[in-house]
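Okay, so here's the structure we're looking at.
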Amino acid sequence: MIKGALRFVLISSLLLLLITFTVSANNDNKVGFSLSGEFGLYSSIPAKEHNDALPVRNHLTAGLNASSIIGITKDFEMDLGLSSYYTTYSFLYDLTRWRPFVLIGPTIEFTYHFNKRFSLSLNSSYMIQIYTQTLEFIAFPRVALKGSLKLSKNFALIVPIAVDIRKEHVSVATTIGIKWRVGKYHE
Amino acid sequence: MNKKKTLLIILIISLVVVLTSCELLMEKPQKPNVKVLLVALDYDKSADFRFTRLDGTIRDAKEMGKALKSLNPSTEVFEMYREGDQPPLFETDDYPTKDKILAKVGSILGTLNENDLFIFYYAGHGYKGSGDLAVASDTAKNVYETLKVKELLDEFNKIDKGHAVLILDSCYSGQFVPSYNFDDKHYNPNLLVFSASSSKQDSYETTISLPYGVKHYHGVFTNLFLEAIGWDHGDGSGEEFDANGVLIKVAGSLKKSPVIQNGTITFSSIFSYVSKRINKQRPFIVRGPIDKVLYSERW
């Protein structure tokens with residue numbers, strides 16, 4: 001299942017890359033493509049009804065995102081893409097563990113470039129979650145705030161904080177990652 | 001806002017979230033006490049045509065008890081069997097009638113501490129449609145009475161401390177699995193129900209071949225459950241029966257579990273193992289994020 005999700009994102013990335021360069025071939029807009037990977041902590045906040053001994057259950061999480069970038073103004077751009085994450089079992093504490101799962105879904109992201117190096121993005125996704133052991137599917141929205149610091153022409157350090165809004169509980173993913181991008185973009 | 005301030009805000013938020021990694025900071029909980037209640041019936045010489053003899057239930061329960069005891073040597077095992085042509089045990093607390101089962105469940109639940117685990121295992125008939133359990137009656141040794149799904153779940157929902165897991169190898173046992181919904185009055189985060197089949201399916205028995213031509217009956221589901229925790233049936237040569245056909249001693253031993261990960265066995269990993277290997281019936285487990293730990297080297 002993890003391999004399947006990874007394959008889906010990679011194939012989608014290739015398609016997005018093709019679309020990006022097809023669109024950019026005939027106009028002067030800022031158009032680009034980005035691929036990013038991130039890794040960090042996934043914190044599930046149990047509801048009162050979960051009767052959990054801990055206020056927060058922590059997992060590890062890793063994800064891969066691919067998107068097409070469309071420039072709107074000099075400092076403002078929009079990304080459309082796909083994200084996929086794997087989240088491990090929560091750390092062992094007492095007799096309860098929260099189950100591992102895969103997340104996959106489309107994302108839309110709005111980025112404002114404060115200057116040549118730093119930008120801030122607001123990201124919204126609709127995630128399909130699959131518990132890897134019970135194969136249960138659920139869907140919910142995710143919102144994320146992402147700081148980005150350009151390291152070189154094509155690479156940036158990203159620090160996303162995402163909030164998953166499920167019907168029964170909320171989770172916060174705090175990650176750090178690297179974004180690789182190509183195409184015309186803020187200079 | 002300059003970039004330094006923004007970065008600082010992001011870092012502070014990240015730090016706050018990381019510091020709430022409670023599992024790493026909180027005091028380690030006490031080692032759990034594991035209590036197991038095994039209920040099994042073979043319906044030998046049943047007077048009710050609906051309840052045909054089941055050849056694997058008693059061995060399933062006894063091997064389950066031995067396997068769980070081998071996994072956690074401090075496990076307390078309680079047994080309630082209606083087995084073979086043994087004389088009626090009406091007077092004992094261990095005869096599996098409805099009232100005695102519910103009383104035993106209630107008394108074990110009452111002894112649990114915060115971090116204790118109570119495993120209830122049932123192997124026997126389940127009524128078509130309702131999934132209710134066909135348990136022994138104290139009127140005669142070859143007649144049976146009904147333990148309703150609701151009655152058993154209501155008893156388990158009295159859980160005040162600790163964690164409970166119901167493992168049911170019976171037909172239509174999916175009826176016992178509450179939905180992950182806070183409005184479902186039978187959903188309880190401290191109770192995990194693991195059924196051998198869906199609410200509309202039979203649960204089957206099979207024969208397994210041991211060395212030297214020995215064959216054993218087992219529930220298909222229980223056999224895979226035992227396999228998942230590392231149980232090896234052995235060659236059957238260590239088994240002993242009494243004159244009434246009562247299985248006094250089971251053979252077999254515990255090897256390395258194929259589902260153990262980082263020294264821990266969870267019920268969902270067993271569920272995943274069983275689900276991938278079972279045919280004709282589909283096991284169910286309570287959905288949602290919460291899983292329970294059966295064993296950990298780090299306890």
Side-chain angles (χ1 to χ4, degrees), chain A residues 40-59 87-101 114-115 117-120 129 131-138 145-149 157-161 166-169 171-176, chain B residues 1-4 6-7 9-11 13-18 20-24 26 28-30 32 34 114-117 162-163 165 180-183 187-190 192 259 261-264 266-273 275 284-294 296 298-299:
Chain A
L41 199 68
Y42 188 91
S43 307
S44 295
I45 302 162
K48 182 174 162 256
E49 290 84 349
H50 286 121
N51 197 23
D52 206 292
L54 293 175
V56 178
R57 288 275 172 184
N58 290 290
H59 316 236
T87 302
T88 64
Y89 253 122
S90 67
F91 300 141
L92 182 67
Y93 184 86
D94 72 14
L95 287 170
T96 298
R97 292 187 92 176
W98 284 41
R99 288 171 174 146
F101 55 85
F114 289 93
N115 52 46
R117 293 197 72 194
F118 184 71
S119 65
L120 202 61
Q129 175 181 312
Y131 285 108
T132 54
Q133 293 164 323
T134 56
L135 302 183
E136 177 194 2
F137 283 73
I138 56 167
L145 192 65
K146 195 182 288 182
S148 173
L149 187 68
L157 178 75
I158 51 170
V159 183
I161 296 175
R166 294 181 185 81
K167 189 180 159 203
E168 290 84 9
H169 72 279
S171 302
V172 179
T174 316
T175 54
I176 189 162
Chain B
M1 193 189 305
N2 66 37
K3 72 177 181 189
K4 281 184 182 170
T6 315
L7 266 176
I9 290 169
I10 292 171
L11 283 173
I13 295 171
S14 310
L15 197 65
V16 168
V17 176
V18 169
T20 54
S21 304
C22 299
E23 296 93 333
L24 310 175
M26 302 261 297
K28 191 179 173 187
Q30 278 189 326
V34 182
E114 268 328 321
N115 201 35
D116 288 352
L117 174 64
H163 309 258
V165 176
Y180 174 55
N181 180 349
F182 296 153
D183 295 330
Y187 173 74
N188 186 328
N190 290 7
L192 187 79
V259 303
Q261 273 190 324
N262 300 321
T264 302
T266 63
F267 284 94
S268 292
S269 60
I270 298 170
F271 172 82
S272 179
Y273 182 92
S275 296
F284 271 73
I285 196 165
V286 178
R287 301 296 177 97
I290 295 178
D291 193 9
K292 299 289 172 196
V293 177
L294 169 63
S296 177
R298 285 176 275 166
W299 281 346

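By convention in this document, chain letters (A, B, ...) are assigned in the order of the sequence lines, proteins followed by strands, and residues within each chain are numbered from 1. Model, not experiment: these values are computed from the prediction.
In this structure, chain B has no heavy atom under 4.5 Å from any part of A/Arg166. For B/Val286, the part sitting under 4.5 Å from any heavy atom of chain A is the backbone (N, CA, C, O) and nothing else. Contacts between A/Ala53 and chain B at a heavy-atom distance below 4.5 Å involve the backbone alone (N, CA, C, O). For chain A, the nearby parts of B/Leu117 are the backbone and the side chain; heavy atoms of each come within less than 4.5 Å. Proximity to chain A (any heavy atom under 4.5 Å) is shown, for B/Asn188, by neither the backbone nor the side chain. Heavy atoms of B/Phe267 lying under 4.5 Å from chain A are absent altogether. For B/Leu192, the part lying under 4.5 angstrom from a heavy atom of chain A is the side chain only.
With values rounded to the nearest 0.5 angstrom, B/Arg287 atom CZ is found 8.0 Å from A/Leu135 atom CG. We find the CD-OG1 distance between B/Gln261 and A/Thr88 to be 10.0 Å, quoted to the nearest 0.5 Å. Considering CZ of B/Phe271 and OH of A/Tyr131, their distance stands at 13.5 Å, rounded to 0.5 Å.
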task = Step by step, work out the side-chain contact (heavy atoms from CB on, under 4.5 Å) result for B/Ile290 and A/Arg97.
result = CA-CA 6 Å; B/Ile290 295 178; A/Arg97 292 187 92 176; over 6 Å; no
request  = Go through the steps for B/Lys28 and A/Tyr93 under the test side-chain contact (heavy atoms from CB on, under 4.5 Å), then give the verdict.
outcome  = CA-CA 7 Å; B/Lys28 191 179 173 187; A/Tyr93 184 86; 5.9 Å; no
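Nearest approach of B/Pro189 to A/Asn51, heavy atoms of both residues: CG-CB, 3.7 Å.
Side-chain atoms of B/Asp291 and A/Tyr89 form a donor-acceptor pair, as typed in the model, at a separation below 3.5 Å.
Listed by chain and residue number, nothing satisfies the side-chain hydrogen bond (donor to acceptor under 3.5 Å, both in side chains) test with B/Asn115 (two or more places apart in sequence, or in another chain). With sequence neighbours excluded, the residues forming a side-chain hydrogen bond (donor to acceptor under 3.5 Å, both in side chains) with A/Arg99 are B/Ser268, listed by chain and number.
Using a 4.5 Å heavy-atom threshold, the side chains of A/Phe101 and B/Pro289 count as separate. Here the side chains of A/Leu92 and B/Ser296 are in contact, with some heavy-atom distance below 4.5 Å. Taking 4.5 Å as the limit, every side-chain heavy atom of A/Glu49 sits out of range of all side-chain heavy atoms of B/Tyr187. With a 4.5 Å cut-off on side-chain heavy atoms, A/Leu95 and B/Trp299 count as touching. Under the 4.5 Å side-chain criterion, counting only non-hydrogen atoms from C-beta, A/Glu168 is not in contact with B/Asn181.
Counting only distance, with no hydrogens or angles, the side chain of A/Glu136 and the backbone of B/Gly288 share a donor-acceptor pair below 3.5 Å.
Under the 30°/60° scheme for interplanar angles, the aromatic rings of A/His50 and B/Phe182 are found to stand perpendicular.
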